[in-house]
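Data block below; observations after.
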Amino acid sequence: MNQLYLECYSGISGDMFVASLLDLGASKEVLEEVLSSLPLTGFKTEITRVNKSGLDVCDFNVILDHDNHDHDMNYLYGEHTHHEHRHLHDILHIIDHAQMTDHAKELAKKIFTILGEAEAKAHGTSIEEVHFHEVGAVDSIVDIISAAVCFDDLGIDEVYIPVIYEGTGTVHCAHGTLPIPVPAVNNIVSSHHLPIHIDTIKGELVTPTGAAIAASIVTSHTLPSTFTIKKTGIGAGKRAYERPSLLRAMLIETEPRHQ
């Protein structure tokens with residue numbers, strides 16, 4: 001029985017989650033093989049070690065070929081680039097055509113469906129009609145597929161998430177200025193009964209992708225009263241807040257092994 005404890009005191013995002021699992025020992029080779037099989041272009045990924053608050057942690061980064069300037073120019077002139085809006089069925093098609101296990105495919109689809117439902121509700125549309133503009137951007141697709149592949153690779157059976165910390169204030173996005181938690185995160189937390197703690201930190205600690213991953217894998221909100229930690233992985237976040245942006249993932253054991 002592989003049990004995972006996610007310590008979300010700095011929130012959770014897709015890249016933090018992927019990095020924490022890679023740090024735990026998820027196969028980099030398996031992940032890179034799946035990503036190279038995707039019917040998607042215009043991105044590359046980087047897995048590096050970074051120093052956060054004196055800690056040596058893993059960083060997972062999706063780098064897009066086009067910067068925002070190109071992206072805006074293409075929108076302006078109506079050219080279709082890999083930044084075009086995608087619907088859920090387009091994303092499910094990408095997942096279906098990736099060389100990954102059935103279990104990883106199912107998990108990736110589950111994460112996207114949770115995300116799609118939350119975005120649709122936030123924008124007053126249906127899941128079929130919702131445009132994954134921010135969410136369906138290539139980096140989110142890569143983050144979610146990577147999350148599913150790494151989770152599957154580690155063979156995790158149970159996931160404990162006792163609490164997810166979120167910040168306060170507002171955040172700027174394609175729709176203007178939104179309150180934190182952003183509506184998509186709020187909808188996921190509400191629909192899936194995720195335990196949330198609103199911290200005094202100004203800023204978005206929980207991304208819609210991070211919330212959707214948590215909702216799709218959690219099996220319990222109550223941490224065992226005693227356990228041993230077999231291995232720890234730490235994933236770095238990209239944002240700089242007063243508290244270091246880190247996600248700690250621990251493989252734990254609740255029953256003592258019989259000698």
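- Of all heavy-atom pairs spanning Ile198 and Gly167, the tightest one is CG2-O, 4.0 Å.
- The shortest heavy-atom contact between Val185 and Val206 is CG2-O, 3.5 Å.
- Evaluation of the ring-ring contact (aromatic ring centres under 6.0 Å, His included) rule for His93 yields His97 as partners, not counting sequence neighbours.
- The side-chain contact (heavy atoms from CB on, under 4.5 Å) test applied to Ser245 returns Met16, Lys52, not counting sequence neighbours.
- A salt bridge (Lys or Arg N to Asp or Glu O under 4.0 Å) check over residues 33-45, counting only residues at least two apart or in different chains, returns nothing.
- Side-chain contact between Thr222 and Pro162: absent, with no pair of heavy atoms (C-beta onward) separated by less than 4.5 Å.
- Side-chain contact check for Ile94 versus Asp90: every heavy-atom pair is 4.5 Å or farther apart.
- Judged by distance alone, with hydrogens and angles left aside, the side-chain atoms of Ser20 form no donor-acceptor pair with the main-chain N or O of Arg248 at under 3.5 Å.
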### Task
Please report the C-alpha distance between Val138 and Thr41 in whole Å, then the side-chain angles of each, then the deciding distance to 0.1 Å, and finally whether the side chain to side chain contact (heavy atoms under 4.5 Å, CB included) criterion is met.
CA-CA 9 Å; Val138 173; Thr41 55; over 6 Å; no
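- In the hydrophobic clustering of ILVMFWY residues, with side-chain heavy atoms under 4.5 Å counting as a link, Leu22 and Met100 come out together.
- Atoms CG and CD, on Leu35 and Gln99 in that order, are 11.5 Å from each other to the nearest 0.5 Å.
- Between the SG atom of Cys150 and the CD1 atom of Ile156 there is a distance of 9.5 Å, given to the nearest 0.5 Å.
- Asp59 contributes atom CG, which lies 10.0 Å from atom CD1 of Ile47 (distance to the nearest 0.5 angstrom).
- Remark: side-chain polar atoms of Lys230 are not paired, donor with acceptor, to backbone N or O of Ile252 under 3.5 angstrom.
- Side-chain atoms of Ile12 and Ile164, non-hydrogen and from C-beta on, do get closer than 4.5 Å to each other.
- Closest approach of Ala249 to Leu4, counting heavy atoms only: CB-CD1, 4.0 Å.
- For residues 140-162, no residue pair satisfies the ring pair (Phe, Tyr, Trp, His ring centres under 6.0 Å) rule, not counting sequence neighbours.
- Counting only distance, with no hydrogens or angles, the side chain of Lys202 and the backbone of Thr168 share no donor-acceptor pair below 3.5 Å.
- For Ala184 against Ala122, the heavy-atom pair with the smallest separation is N-CB, 4.3 Å.
- Residues Val18 and Leu55 do not share a hydrophobic cluster, clusters being chains of Ile/Leu/Val/Met/Phe/Trp/Tyr side chains in contact below 4.5 Å.
- The two atoms that bring Ala118 and Asn187 nearest to each other are O-ND2, 3.0 Å, heavy atoms only.
- Ile234 and Met250 are not part of a single hydrophobic cluster, where members link through side-chain heavy atoms under 4.5 Å apart.
- For His89, the ring-ring contact (aromatic ring centres under 6.0 Å, His included) partners are His87, not counting sequence neighbours.
- You'll find the side chain of Phe17 stays beyond 4.5 Å of the side chain of Thr209, heavy atoms only.
- For Asp96, the salt bridge (charged side-chain N to carboxylate O under 4.0 Å, His left out) partners two or more places apart in sequence, or in a different chain, are Lys109.
- Annotation: side chain of Leu24 is in contact with side chain of Leu154 (closest heavy-atom distance under 4.5 Å).
- Hydrophobic clustering of Ile, Leu, Val, Met, Phe, Trp and Tyr side chains at less than 4.5 Å, counting indirect connections, keeps Val50 apart from Ile63.
- Qualifying side-chain contact (heavy atoms from CB on, under 4.5 Å) partners for Ala215, counting only residues two or more places apart in sequence or in other chains: Ile114, Ile188, His192, Leu194.
- A salt bridge (Lys or Arg N to Asp or Glu O under 4.0 Å) check over residues 157-176, counting only residues at least two apart or in different chains, returns nothing.
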### Task
Any chance you could lay out the side chain to side chain contact (heavy atoms under 4.5 Å, CB included) test for Val34 and Ile145, step after step, and finish with the verdict?
CA-CA 9 Å; Val34 171; Ile145 288 174; 4.0 Å; yes
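- Shown here are the side chain to side chain donor-acceptor pair (under 3.5 Å) partners of Thr177, two or more places apart in sequence or in another chain: His172.
- Distance check: Ser220 OG to Ile161 CD1 gives 10.0 Å after rounding to the nearest 0.5 Å.
- Side-chain contact between Thr170 and Ile180: absent, with no pair of heavy atoms (C-beta onward) separated by less than 4.5 Å.
- Residues meeting the side-chain contact (heavy atoms from CB on, under 4.5 Å) test with Val163, sequence neighbours left out: Tyr9, Tyr165, His197.
- For Thr101, the side-chain contact (heavy atoms from CB on, under 4.5 Å) criterion is met by His103, Ala104, Asp152, not counting sequence neighbours.
- Judged by distance alone, the side chains of Thr254 and Gln3 do bring a donor and an acceptor atom under 3.5 Å apart.
- In terms of modelled atom types and a separation under 3.5 Å, the side chain of Ser10 and the main chain of Pro244 share a donor-acceptor contact.
- Here the CG-OG distance, from Leu115 to Ser140, works out to 7.5 Å after rounding to the nearest 0.5 Å.
- Ser146 contributes atom OG, which lies 9.0 Å from atom CD1 of Ile213 (distance to the nearest 0.5 angstrom).
- Side-chain contact check for Val62 versus Asp143: some heavy-atom pair is nearer than 4.5 Å.
- By the criterion of side-chain heavy atoms lying less than 4.5 angstrom apart, applied directly or through intervening Ile, Leu, Val, Met, Phe, Trp or Tyr residues, Val189 is grouped together with Val218 in one hydrophobic cluster.
- Taking all atoms of both residues into account, the shortest heavy-atom contact from Leu178 to Pro183 is CD1-CD, 3.9 Å.
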### side chain to side chain contact (heavy atoms under 4.5 Å, CB included) assessment of Phe43 paired with Asp65
CA-CA 6 Å; Phe43 77 93; Asp65 289 357; 5.8 Å; no
### Task
Applying side chain to side chain contact (heavy atoms under 4.5 Å, CB included), run through Ile217 and Leu6 and close with a yes or a no.
CA-CA 11 Å; Ile217 63 172; Leu6 280 185; 4.1 Å; yes
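- Annotation: salt bridge (Lys or Arg N to Asp or Glu O under 4.0 Å) contacts involving residues 13-32, sequence neighbours excluded, comprise Asp15-Lys238, Asp23-Arg49.
- Taking 4.5 Å as the limit, some side-chain heavy atom of Ile141 sits within range of a side-chain heavy atom of Arg86.
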